[in-house]
Each structure stands twice: as structure tokens, then as C-alpha cells.
Amino acid sequence: MPKTNFDILWIILSSGLVFFMQAGFLCLESGLTRTKNSINVAIKNITDFGIATLVFYSLGFGLMFGATYNGWIGKDMFFPDFSKTSPETSVFFLFQLMFCGTAATIVSGAVAERMKFGAYIIVTTIISSLIYPIFGHWVWGRDLQDWNQFTGWLSHLGFMDFAGSTAVHSVGGWVGLSAMMLIGNRTGKYGKDGSVRKITGHNLPLAMLGTLILWFGWIGFNGGSTLAFNSEVPKIIVNTMFAASGGMASSLIYGWIRLKYAEATLPLNGTLAGLVAITAPCNAVNSIESLLIGLVAGILMFEAGVILDKLKLDDAVGAIPVHLVSGIWGTLAVGIFGDLSILGTGLDRNTQILMQLLGVVSCAILSFGISYPLLFIIHRFYSLRVSPQNEYQGLNYTEHRATTELIDLFLEMEYQKQTGDLSQDLSIEPFTEVGQIAERYNLVLDKIRTNIKEKETLAIELEHNLSLLQSDLSTARKIQSGIISQEDKLTGDLEITVRYLPLTEVGGDFFDIMELRPGLTRVFLADATGHGVQAALLTMAIKAIYESLKRGIYSVTEILYHLNNEFLHTFKNLNQFFTCIVVDIDTNLNLIRYSSAGHVPQYLIQGEEVHSLEKTGRIMGVIPNTKYTSNEIGFTQDSKLILFTDGLFEQWNSNKEEFGEERVEAIVGNLKGIPIGEGIDQILKKLDEFLNGSPKQDDISVLGISRKVKK
């Protein structure tokens, strides 16, 4: 303990250096987090020290350094009045307070970017009032009336932790781990396939500055733990420098080998790992051993980070590898490398190592065993984690309503995105970098508003034209309905079933049924390319030509010959084509004669047989003077003729599968003995089942022709 005024001055200076480490943690952690959370992290680092001061003064100092209860906890010195105590006690409290604040602030980095600010205050209170003071009593507890009399049970057994690798850093690490496990990972950190998304901090130079401040502050952290300015101080500070440099070098080189590049945060966390590791043995090892301790700490830090990612535990700034893992290693290094005569525990090497291991395990049981259950219970009633929406927006704004020009810009943009209201420009101060971005954005907005206005005008015109078009289409549909009879009919000795299903208001199919003379009926079916208005107009052209020909004394081949020539002559620049079939049904001779211009095969059912009416020439509208041939086939009393356009089978379902000719032919084969009307309806029903709600893609016309049933 301090004996002279100079000793007191040294501890005050060391306390100042340790307090300055709070600034280092603030820079490090805010630099390693994203912009939207940096203010939140900084506020936590300021707040936790203030909370730790109040809690440690009222409760923690008494539990740690009050008169012992069987070596487990102190039982007095709560709310001490330092105006009535010696200056040595006051300065001792000051130095221990800095350590308490350091243990509390370690948690901040581990849970950064997703823990509520109120929840973090709860964590700081738990660690400052219970966990750190109780474990501190086990390790550093002493009789304040007799400075040389240690009272904690671990110190009596020979456990040594000179400046707190375990008592400070591992305590903070264990509490950080429990909180991190309870609140979960940052959104998007780990993919479903186990991939790790690297979330880069917004200001790595600031984080590097924070590391240098911490390195500088560690001079007081380790050097001041002598509690006197004696001959040990220079050696302790030098050992601290060696270990820090060793941790920096090993993490950088080892990580470079593993990752194939020099990752930016490795020198930062490697340095801190070396500093944490040397904190316990710095007074009892030589320079080479200090360097070796730092080298090992840097490698352990890297591998611990890899393991955390494999376990999908998201440590935002690497607090667990740096403070927990390196703290454990540094504590064990006391037994492995420490000069037994300096340690003065009276234990041999192996027993000293076991005592160090006991201290590590005791810290884990106490720190994790208190923090995890307590936080778990609190989490059941008060969520420790922010909502997904708040995490997405960032904790700067959602937790503190703290904004920057950039955040204000994003908030206004987000409002425009959510509401779709682009009527107002962004109101950002123009004479800044962010303002210049907003100014350019406003120019884009102005152009968008102009385009929207133009499109609105065009939309009104389009709506008006569409209304006119709908009216025209309605008229066209009525005209086409009048031209194409869609009702079943009786013609001579024939019963004819008609199913006409245009894809839109008007279609591209045309058919005509006419009794040329008693006992002879001519059926004409045409299918224009495409559908809709264009195809409908084409069918009108076909109808006009066919009407001029159908009453002439022409055979089925002759009518196709003249139809083709007239179409090419009248519409030579149209460059349109169509297929058609002409069928003459003679009920006197019980036969049919047909000619097909590129039309799909049609079907004739006779008893148990199905005959295919194949095409007999090329499609219409290609080559003038095309000759067509005809075929004859019997048409008995039980015969059924099915004529249709290709829209019946050229239909595709959602699985990109076509209904197809083979499926139509198979269905037709099962229609023997069924009335022709029912058979056609059955085909169309099968088509609807096949499409299963998918829209049709072409016009469909189906004609079913059979002999009248004689009574």
C-alpha cells in the first residue's frame, strides 16, 4: 500500500491513466461498429463508468474490501466517508474504482449494436455491485487496517492475479458472453448455410487510436498495481510493452498466413490480447517470458474468434477473444512462467498451476453463474434486445434520438420510401458534404416529379383512349357474334354442337355452316394467325371472300384454290396467313368429302374406330395458284365428326406443359358411345383441369357434328 506522498501521487497518476482507458474503449468500440450505432456505443462507455462509480461506492467497495465473512464477501464499508479516512484509503478506492469501470465497459463491445441501453445499465449494475466485488474479494480482499493481511479464500490458497487478467478482464468477458448468448446475434451476421458476413466498423482509424490510448493507459493499469512507486514499476511497464508488441506481431503474422491478407483489426486486438495476458504475471516474469506470453495470446485470440464464428456467437468487437480467452491464458501463465520466489505463495510449480486453474474456474462459475440466470430472468420480463426494426434503423436514433446529418438524410429518404410522397425536397443544410448529396438528390427528385406529371397526363389520355377502344371492341364483339352463330343447331339430318371461346372480346377463328341442298351440308372452319383485334379483322377478310365463293358451284378443292388466290390478290401486302378446312357432308350418300389447307388433323369417330382427317395442302396466303386435293370417307348413322382450331391443344399450364395433340386424341378415343355435345364438353373440362387456373393463350373453336337420332 502507499506509504509516502510520492506513492500516493503515483497511484493517482495511474488512476488517471486507467481512467483514460475509458476514452480508449470508447474510440475502439465506436470505431469498430457501424455509423448508425456509434453514438450508442459511445454513450454506453460514458454511462457505465458513472453507474459503476455510484454502485461500487455504495455496495461494491464494501463487498470487496469490507471485513471478510469467511473469505467470501466483505460485510461493511458500505457508503464509506473518505473525508474521515486516511488518504491511502481514498486513493486505494480511486484506483479500484477504475478497475471496476474497466470490467463493466468490456461488456459493451461484446453486445454492441443490438442491446437496449436500459438493459446495458442493468448489466453494468450487476457486474459493478456483485460479480466484480465478490470475485475481487476472493483474490484481492484485504484488511484495510492491516494492508498486508489478505482475506479472500483464493488468495489464501495461493492464487495470484497481479493486476487482473481474471479479476477484471475475464470477469467482464464471462458477463459479456452470457449477455451475448441471451440476446443473440446481429441480424445478417450468419447465413443459413453457416457463412459469416463480416460487418466492418465505420471508422477503423478511430479504433486504432483507441488501441493506442488503451496501450498507453495500461502503463497505469499494471504499473499502478504495485500500489507504490518502487523498483518493480519499470520492469512491470517494460514487460507490458513486450507482451503487447508480441501479441500484435503474432496475431498479424499468424492471421496473415491463415487469411492470406493482413486483416485490419488483427493488430488492434492482438495488441490488446497481449496486454490482457501480461496483466496477471507482469510482476513475476522476465522480458523473454513476457514476449512469449504476448505471442501466444495473439494466436489464441485469433483462433478464439474463429471458434466463436463456428459456434455462431456474434462478438461485435472481439471482446471475448481479447478479454476472456487472453485473460485465462495470462492467469495460467502465472503458474507456468512466474518466478515462485516473487510470487511468494510457497507452492511448487505444478501446485501453482493448479491454483491458477482453480481461480479461472471459480471466476467462470461466479461470473457466468450469476450473470446468465439473472439476465435470463430479466429477459423474460424486459427484453434485453432491441426490436428488429430498431436494429435496422440503428441504436443512435431509436435509443437516444441522436442523429447526424447523414442519419437525418436517411430518415427523410426512408419517409419518402414508406409513404411514396415525393412532393417535398430534402431539407438538409446545403453547405456540407451530406448537404451536397441532398442537393443532387433533390435535382433527381425534381426530374422524377416532372416525369410523374407527364406520365399522369399520358395515363389520363390512355384511359380515355382505352375507354374508346373498349367501346369499339364491344361493338366488334357484337358484330362478330352476329356473324358467327354460337348456338347449337339442326341442319338437315345433322345435329351440330358449337363451342366458341375467343381469348379476348373478339377472336381469330371463323366458321360457317350452310346446307347447299337437301342432304348436302358444307362446313367451313378457319383459324387466323394470332388472336385479338388483328386476328378478328383477318377473319372478317376471310369471311368476306368466303361469302362470295360459298354459293358458287365449287368443290371443296376449288373453293380453297379460289379462296387462296382472292386472299393473296386482295391483301397482297398484308403478309398474314391462316389455316382452314372445308367439309361437305352428304347424308344421302353417307360420306364426307374434305380438303384441308394446313389445318390441324380433325377426327371422325365411327363405331369403335377414330379416323384422322389430315391436311391436304399448304396454308392459305403463301403461294398463289396452290392446288389442293381432297379425301372421302364414309359418314354412317353412328358417325361423329369433331372439327376444331389449334387453340384446343396449344394451351400451356403453369408447369410449362402443353395440353397437346396426343392428349386431345386420347380423350377423343374415349368418346365412343357418348353424345357429341357431352363429348365436346368433356374435352373442354379436361382442358380446364389441365390448366388449373392458368389463363388460356389462344382462341378455341370446336364443332361437333352427328346424324340426327331417328325416332
Side-chain angles (χ1 to χ4, degrees), residues 22-23 25-48 51 105-124 176 179-191 196-210 264-265 268 312-319 379 382-421 426-429 432-438 441:
Q22 292 289 332
F25 279 116
L26 187 153
C27 293
L28 175 70
E29 294 174 8
S30 61
L32 289 178
T33 51
R34 289 168 287 188
T35 303
K36 64 181 181 179
N37 300 310
S38 59
I39 296 173
N40 171 260
V41 173
I43 292 174
K44 286 178 180 177
N45 276 275
I46 293 175
T47 305
D48 63 30
I51 297 296
T105 203
I106 290 168
V107 182
S108 172
V111 298
E113 302 196 302
R114 71 268 201 200
M115 177 176 268
K116 288 181 179 177
F117 183 66
Y120 180 70
I121 292 177
I122 293 173
V123 173
T124 298
M180 193 172 72
M181 291 171 65
L182 280 170
I183 66 173
N185 307 320
R186 288 172 291 178
T187 302
K189 174 64 176 178
Y190 299 106
V196 181
R197 174 196 169 200
K198 184 173 178 58
I199 301 177
T200 305
H202 81 286
N203 195 334
L204 291 183
L206 180 65
M208 294 172 189
L209 173 63
T265 62
L268 284 68
K312 293 187 178 181
L313 292 173
D314 180 17
D315 184 347
V317 302
H379 191 46
Y382 170 71
S383 177
L384 302 177
R385 182 173 181 137
V386 298
S387 68
Q389 178 63 26
N390 286 0
E391 183 182 357
Y392 173 76
Q393 287 185 261
L395 277 60
N396 293 351
Y397 179 75
T398 58
E399 289 285 289
H400 312 289
R401 295 300 185 267
T403 64
T404 63
E405 287 181 326
L406 186 60
I407 293 174
D408 289 340
L409 177 68
F410 289 160
L411 288 174
E412 291 200 38
M413 287 180 172
E414 182 66 19
Y415 171 79
Q416 291 182 337
K417 172 189 169 186
Q418 295 292 340
T419 63
D421 181 8
L426 299 183
S427 56
I428 305 297
E429 170 62 43
T432 62
E433 290 182 358
V434 174
Q436 291 175 16
I437 295 172
Y441 180 81

For this session: Quick one: closest heavy-atom pair of N45 and S108, and the distance?
Result: ND2-OG, 3.7 Å
Exercise. Ignoring hydrogens and geometry, is there a side-chain-to-backbone donor-acceptor pair from K36 to Y397 under 3.5 Å?
Worked result: no
Exercise. For the residue pair T200 and R34, what are the closest heavy atoms and their distance?
Worked result: O-CG, 4.0 Å
Problem set entry | Atom pair CG (L395) and NZ (K44), whose distance is rounded to the nearest 0.5 Å | 6.0 Å
Exercise. What is the minimum heavy-atom distance between A179 and V111, and which atoms define it?
Worked result: CB-CG1, 3.7 Å
Exercise. Hey, does L26 have a side-chain heavy atom less than 4.5 Å from the side chain of I46?
Worked result: yes
Exercise. Among N40, I43, D48, which residue meets the side-chain contact (heavy atoms from CB on, under 4.5 Å) test with Y120?
Worked result: D48
For this session: Give the intermediate values and the outcome of side-chain contact (heavy atoms from CB on, under 4.5 Å) for residues M115 and V123.
Result: CA-CA 10 Å; M115 177 176 268; V123 173; 4.1 Å; yes
Exercise. Do you know the tightest heavy-atom contact between A316 and A112?
Worked result: CB-CB, 3.8 Å
For this session: To the nearest 0.5 angstrom, please state how far the CD1 atom of I199 sits from the CG atom of L32.
Result: 12.0 Å
Problem set entry | Within 6.0 Å of OH in Y382, more than 12 heavy atoms from elsewhere | yes
Exercise. If you measure from NE2 on H202 to OG on S30, what distance do you get to the nearest 0.5 Å?
Worked result: 6.0 Å
Problem set entry | Any donor-acceptor pair under 3.5 Å from S387 side chain to N390 backbone | yes
For this session: Name all residues meeting the salt bridge (Lys or Arg N to Asp or Glu O under 4.0 Å) criterion together with R186; count only those two or more places apart in sequence or in a different chain, and write none if there are none.
Result: E113, D314
For this session: Return the minimal non-hydrogen interatomic distance between G191 and K312, and the atom names on each side.
Result: O-NZ, 3.6 Å
Exercise. Hey, mind stepping through V107 and T124 against side-chain contact (heavy atoms from CB on, under 4.5 Å) and telling me if it holds?
Worked result: CA-CA 8 Å; V107 182; T124 298; over 6 Å; no
Exercise. Are side-chain N/O atoms of Q393 and T398 paired as donor and acceptor at under 3.5 Å?
Worked result: no
Problem set entry | Spacing of CG belonging to D315 relative to CG belonging to N185, to within rounding of 0.5 Å | 10.5 Å
For this session: For side-chain contact (heavy atoms from CB on, under 4.5 Å), just list the numbers for F117 and T47, CA-CA rounded to whole Å, side-chain angles, deciding distance to a tenth of an Å, and then say yes or no.
Result: CA-CA 10 Å; F117 183 66; T47 305; 3.5 Å; yes
Seminar exercise, completed: Residues passing the side-chain contact (heavy atoms from CB on, under 4.5 Å) test with S383, sequence neighbours excluded, are K116, H379, R385
Exercise. How far apart are the C-alpha atoms of R114 and M180, what are their side-chain angles, what is the distance that settles it, and do they pass the side-chain contact (heavy atoms from CB on, under 4.5 Å) test?
Worked result: CA-CA 10 Å; R114 71 268 201 200; M180 193 172 72; 3.3 Å; yes
Exercise. How long is the span from the CE atom in M208 to the CG atom in L28, to the nearest 0.5 Å?
Worked result: 10.5 Å
Seminar exercise, completed: On a heavy-atom basis, the closest approach of R197 and T187 is NH1-O, 4.0 Å
